[in-house]
Student: 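Below is a structure I'd like to ask you about.
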Amino acid sequence: MMNFSLKYIFLLIFIANECVSQSINQDHLQLKFVFILMRHTNRAPLNRYKNQTDQIPWPRGLGELTDQGVWNAYRAGQALRERYLGFLHPLQRYTPSEIDVSTTEVDRCYQSAGYLLAGMYPPNEEQTWNKDLKWQPIPIKTSLSKDHQQFTGDPRLCPKYAMELHEISENAIKTEKVKKLINYMKNYTSSPLNTLYDVLKVSDVIMTQRMANYPIPNWALERYKDIEEYILYSMTILVETDQMKLLYSGEMLNDVLTRMEASINKSPDAKKIYLHVGHDSTIVPFLKTLNVKNITYPLYGAAVVMELYASLSNETIVKLLYNRDYEWKESNIELIELPGCPQPCRLEDLRTLTQQMIPRNLTEECKN
């Protein structure tokens, strides 16, 4: 009886030790790589709708950054410098080998990145080339990331995606909730509301003015929650199926994972940070492609962050974070558990988990 008990105890000890050896000591992790997918900062509405009576001034023009957006992008850069102070160059200087920056081909994204980098990399004494100008040019690329393939602006360039999006949209506009919102809006605007995009254009005006602290009509105020929910819904259906996820966000996901692997393998062209400035329609589909549930609508300056850490034994951990706005306060940064890859989520496990979302040849896969 005693022999059995001792064998049982030894077995438990062996199993426990085996589990410990397979775990990762998260007290001794070293940050290796950071991916930041950020929404541009505050902008004016993209358009005006018919029967719109207010005359709110937008000095820079429709769809452009506001003064608040300029300052918030700059402050975001300062906050990022502070957050990653120990990870970036010890002399707080910009070096090309440290960061890659890209944006979609939209002015407000390019400008958000520019103002952010001005806050993140003010020239030190050695880099100051004009004593009256605390700024230095840092490359911003529009071709670096493939998150927004050309077809996201014109889905017809990817027939397979266009066909699925059309079918999903046709079904969505027939849902009871969307029909109710459309019928309600028709009472107050003569804008055509025949498609989901028509409804989105009106909704964007309402939400943008509200976020800029301008008054909105009483009819919109009464249904503001429904309008907010509709905007988020219109972002999620961009990647409603696994095939749409692959075509829309798959290449960006693959790009990020490849960069992480390059960092771990100490590739000569590996960078510490990859920053991409996009849209709500970039962030929401990316999160949904990772199968994240209960996605919160990204406000201006909000960001998805993927941090890669290595343990003393060179095992890797990927942490997915969601930053609610431009301030980068710890209280506003949420750790999100990746579905199917609970913490500690190893890089190799994440690569395996998401493999089905990675396109092999996007041009061919876009064909019907």
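Side chains included, hydrogens not; waters and symmetry mates left out as well; all remaining heavy atoms used. Keep in mind it's a predicted model, so treat the numbers as computed, not measured.
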Student: Is the cationic atom of R259 (NZ for Lys, CZ for Arg) positioned less than 6.0 Å from the six-membered ring centroid of F35 and within 45 degrees of its normal?
Tutor: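 Pair R259/F35 does not count as cation-pi.
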Student: Same cluster for V202 and Y297 if Ile/Leu/Val/Met/Phe/Trp/Tyr side chains link at under 4.5 Å?
Tutor: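 Looking at the clustering, Y297 is in the same group as V202.
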Student: Any chance you could lay out the side-chain hydrogen bond (donor to acceptor under 3.5 Å, both in side chains) test for T352 and D349, step after step, and finish with the verdict?
Tutor: CA-CA 5 Å; T352 301; D349 295 337; 5.5 Å; no
Student: Between Y230 and L196, is there a side-chain heavy-atom distance shorter than 4.5 Å?
Tutor: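 They are in contact (side-chain heavy atoms under 4.5 Å apart), so the answer is yes.
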Student: For V277 versus A113, what's the shortest heavy-atom pair and its separation?
Tutor: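 Result for this residue pair: CG2-CB, 3.9 Å.
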Student: Give the C-alpha distance, both sets of side-chain angles, the deciding distance and a yes or no for side chain to side chain contact (heavy atoms under 4.5 Å, CB included) between Y197 and S234.
Tutor: CA-CA 8 Å; Y197 184 60; S234 67; over 6 Å; no
Student: Counting only N and O atoms by type, is there a donor-acceptor contact under 3.5 Å from the side chain of E98 to the main-chain atoms of T95?
Tutor: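 No, the answer is negative, given that no donor and acceptor are paired below the 3.5 Å cut-off.
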Student: With distance as the sole test, does T208 use its side chain to make a donor-acceptor pair with the main-chain N or O of A44 at under 3.5 Å?
Tutor: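 Checked: no pair found.
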Student: Ignoring hydrogens and geometry beyond distance, is a side-chain donor-acceptor pair present between Q68 and Y326 at under 3.5 Å?
Tutor: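 Absent: no donor and acceptor within the cut-off.
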Student: Would you say W135 and L65 are hydrophobically clustered, going by side-chain heavy atoms of ILVMFWY under 4.5 Å?
Tutor: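 Looking at the clustering, L65 is in a separate group from W135.
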Student: Find out whether H276 and T104 are in side-chain contact, i.e. whether some heavy atom of one side chain is under 4.5 Å from a heavy atom of the other.
Tutor: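 In contact.
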Student: Evaluate I99 against K272 for side chain to side chain contact (heavy atoms under 4.5 Å, CB included), listing each step before the verdict.
Tutor: CA-CA 6 Å; I99 187 171; K272 287 186 174 183; over 6 Å; no
Student: Which atom pair, heavy atoms only, marks the closest approach of Y233 to V178?
Tutor: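 Heavy-atom minimum between the residues: CE2-CG2, 4.1 Å.
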Student: Are any non-hydrogen side-chain atoms of Y84 and E307 less than 4.5 angstrom apart?
Tutor: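 When only atoms from C-beta onward are counted, E307 and Y84 do touch, with a gap below 4.5 Å.
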Student: Report the distance from atom CG of L320 to atom CD of E337, rounding to the nearest 0.5 Å.
Tutor: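 Taking CG in L320 and CD in E337, the distance rounds to 10.5 Å.
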Student: Verify the distance criterion only: is there a donor paired with an acceptor across the side chains of E164 and Y248 at less than 3.5 Å?
Tutor: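 No donor-acceptor contact under 3.5 Å links the two side chains.
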Student: Over all heavy atoms of both residues, which pair between L31 and F87 is shortest? Give the atoms and the distance, please.
Tutor: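 Distance-wise, the nearest heavy atoms are O-CE1, 3.2 Å.
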Student: Rounded to the nearest 0.5 Å, what separation is found between the OG1 atom of T289 and the CG atom of N291?
Tutor: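 Reported value, rounded in 0.5 Å steps: 8.0 Å.
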Student: In this structure, would L46 and I231 fall into the same cluster of hydrophobic residues linked by side-chain contacts under 4.5 Å?
Tutor: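 No, L46 does not connect to I231 through the hydrophobic network.
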Student: Where do K319 and L335 come nearest, in terms of heavy atoms and distance?
Tutor: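 Looks like CB-CD1, 4.1 Å.
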Student: Classify the angle between the aromatic ring planes of W219 and Y184 as parallel (below 30°), tilted (30 to 60°) or perpendicular (above 60°).
Tutor: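 It falls in the tilted class, 30° to 60°.
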Student: Take atom OH in Y110; do more than 12 heavy atoms of anything else shown fall under 6.0 Å from it?
Tutor: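 No, not enclosed.
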Student: Same cluster for I283 and I336 if Ile/Leu/Val/Met/Phe/Trp/Tyr side chains link at under 4.5 Å?
Tutor: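 Yes; I336 is reachable from I283 via cluster members.
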Student: Less than 4.5 Å apart, any side-chain heavy atom of N51 and any of Y188?
Tutor: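 Sidechains of Y188 and N51: no contact.
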Student: What do you reckon, is CD of E125 surrounded by more than 12 foreign heavy atoms closer than 6.0 Å?
Tutor: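 Counting other residues, nucleotides and ligands, CD of E125 stays at 12 neighbours or fewer.
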Student: Keeping the roles fixed (side chain from Y322, backbone from T296), state whether a donor-acceptor pair exists under 3.5 Å.
Tutor: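 Checking the backbone N and O of T296 against the side chain of Y322, a donor-acceptor pair under 3.5 Å is found.
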Student: For the NE2 atom on H166, are there more than 12 heavy atoms of other groups (residues, nucleotides or ligands in this structure) within a distance under 6.0 Å?
Tutor: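 No, not enclosed.
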Student: Check for a donor-acceptor pair, side chain of N183 on one end and backbone N or O of K179 on the other, with a separation under 3.5 Å.
Tutor: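 Side chain of N183 to backbone of K179, a donor-acceptor pair under 3.5 Å: yes, one is there.
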Student: How long is the span from the CG atom in L116 to the CD atom in Q78, to the nearest 0.5 Å?
Tutor: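 Reported value, rounded in 0.5 Å steps: 10.0 Å.
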Student: Would a hydrophobic clustering, with Ile, Leu, Val, Met, Phe, Trp and Tyr connected at side-chain separations under 4.5 Å, put M244 with I173?
Tutor: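 Same hydrophobic cluster.
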Student: With the side chain counted from C-beta on, respond yes when L37 and F286 share a heavy-atom pair under 4.5 Å apart, and no when they do not.
Tutor: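 The answer is yes; the side chains approach within 4.5 Å.
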Student: Working to the nearest 0.5 angstrom, can you tell me the gap between Q30 CD and L308 CG?
Tutor: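 Here the interatomic distance stands at 10.5 Å.
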Student: Should the pair Y74 and W71 be assigned to parallel (<30°), tilted (30 to 60°) or perpendicular (>60°) ring geometry?
Tutor: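 Y74 vs W71 ring planes: perpendicular.
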Student: Distance-only, no hydrogens or angles: does the T128 side chain make a donor-acceptor pair with backbone N or O of N124 under 3.5 Å?
Tutor: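 Such a contact is found between T128 side chain and N124 backbone.
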Student: Go through it in stages, so that I can follow the logic: the residues are S112 and T103, the test is side chain to side chain contact (heavy atoms under 4.5 Å, CB included), and I'd like the CA-CA distance, side-chain angles, deciding distance and then a yes or no.
Tutor: CA-CA 9 Å; S112 292; T103 77; over 6 Å; no
Student: Side chains of I273 and K271: closer than 4.5 Å at any heavy-atom pair?
Tutor: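 Of all side-chain heavy-atom pairs linking K271 with I273, none is under 4.5 Å.
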Student: Quick check against the 3.5 Å criterion: does S169 have a side-chain atom that pairs as donor or acceptor with the backbone of L165?
Tutor: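 Yes, the answer is positive, given that a donor and an acceptor are paired below the 3.5 Å cut-off.
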Student: Does Q111 reach the main-chain N or O of V70 with its side chain, forming a donor-acceptor pair under 3.5 Å?
Tutor: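 The answer is no, because no donor-acceptor pair under 3.5 Å joins these two groups.
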Student: Side chains of R48 and V205, heavy atoms from C-beta outward: is any pair under 4.5 Å?
Tutor: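 Of all side-chain heavy-atom pairs linking V205 with R48, none is under 4.5 Å.
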Student: Answer whether the closest heavy-atom distance between the side chains of T282 and R39 falls below 4.5 Å.
Tutor: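 No. Closest side-chain heavy atoms not under 4.5 Å.
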Student: Which of these passes salt bridge (charged side-chain N to carboxylate O under 4.0 Å, His left out) with R43: D204, D107, D67, D280?
Tutor: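 Running salt bridge (charged side-chain N to carboxylate O under 4.0 Å, His left out) over D204, D107, D67, D280 with R43 returns exactly one hit, D204.
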Student: Tell me, with the steps shown, if R81 and Y121 meet side chain to side chain contact (heavy atoms under 4.5 Å, CB included).
Tutor: CA-CA 8 Å; R81 160 60 61 182; Y121 287 106; 3.2 Å; yes
Student: Would you give the length of the straight line joining atom CG of L290 to atom CG of L350, rounded to the nearest 0.5 angstrom?
Tutor: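 Atom-to-atom, L290:CG and L350:CG are 7.0 Å apart.
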Student: Between E315 and R346, is there a side-chain N and carboxylate O pair less than 4.0 Å apart?
Tutor: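 Judged by the 4.0 Å cut-off on N to carboxylate O distance, E315 and R346 do form a salt bridge.
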Student: Tell me whether the rings of H279 and H40 are parallel (<30°), tilted (30 to 60°) or perpendicular (>60°).
Tutor: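 Perpendicular, since the angle between the ring planes exceeds 60°.
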Student: Is there a donor-acceptor pair under 3.5 Å between the side chain of T41 and the backbone N or O of N72?
Tutor: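 No: the side chain of T41 does not pair with the backbone of N72.
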Student: Output the distance between atom SG (C109) and atom CE (M38), rounded to the nearest 0.5 Å.
Tutor: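 The CE atom of M38 is 9.5 Å from SG of C109, to the nearest 0.5 Å.
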Student: Quick one: does any side-chain atom of T142 pair with a main-chain N or O of E105 as donor and acceptor, under 3.5 Å?
Tutor: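 Judged by distance alone, no pair lies under 3.5 Å.
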Student: Kindly check if the number of other-residue, nucleotide or ligand heavy atoms within 6.0 Å of CD (E167) is above 12?
Tutor: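 Result for CD/E167: open.
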Student: For residues N254 and R351, is any side-chain donor paired with an opposing acceptor at under 3.5 Å?
Tutor: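 Yes, a side-chain donor-acceptor pair sits under 3.5 Å.
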Student: Minimum heavy-atom separation for P155 to A162, with atom names?
Tutor: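 So the two residues come closest at O-CB, 3.2 Å.
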Student: If we ignore hydrogens and angles and just use 3.5 Å, is the side chain of D198 paired with the main-chain N or O of T195 as donor and acceptor?
Tutor: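 Yes; judged by distance alone, with no hydrogens or angles, the pair exists.
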Student: Give me the atom names and distance for the closest heavy-atom approach of W129 to P137.
Tutor: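 Scanning both residues, the minimum pair turns out to be NE1-CD, 4.3 Å.
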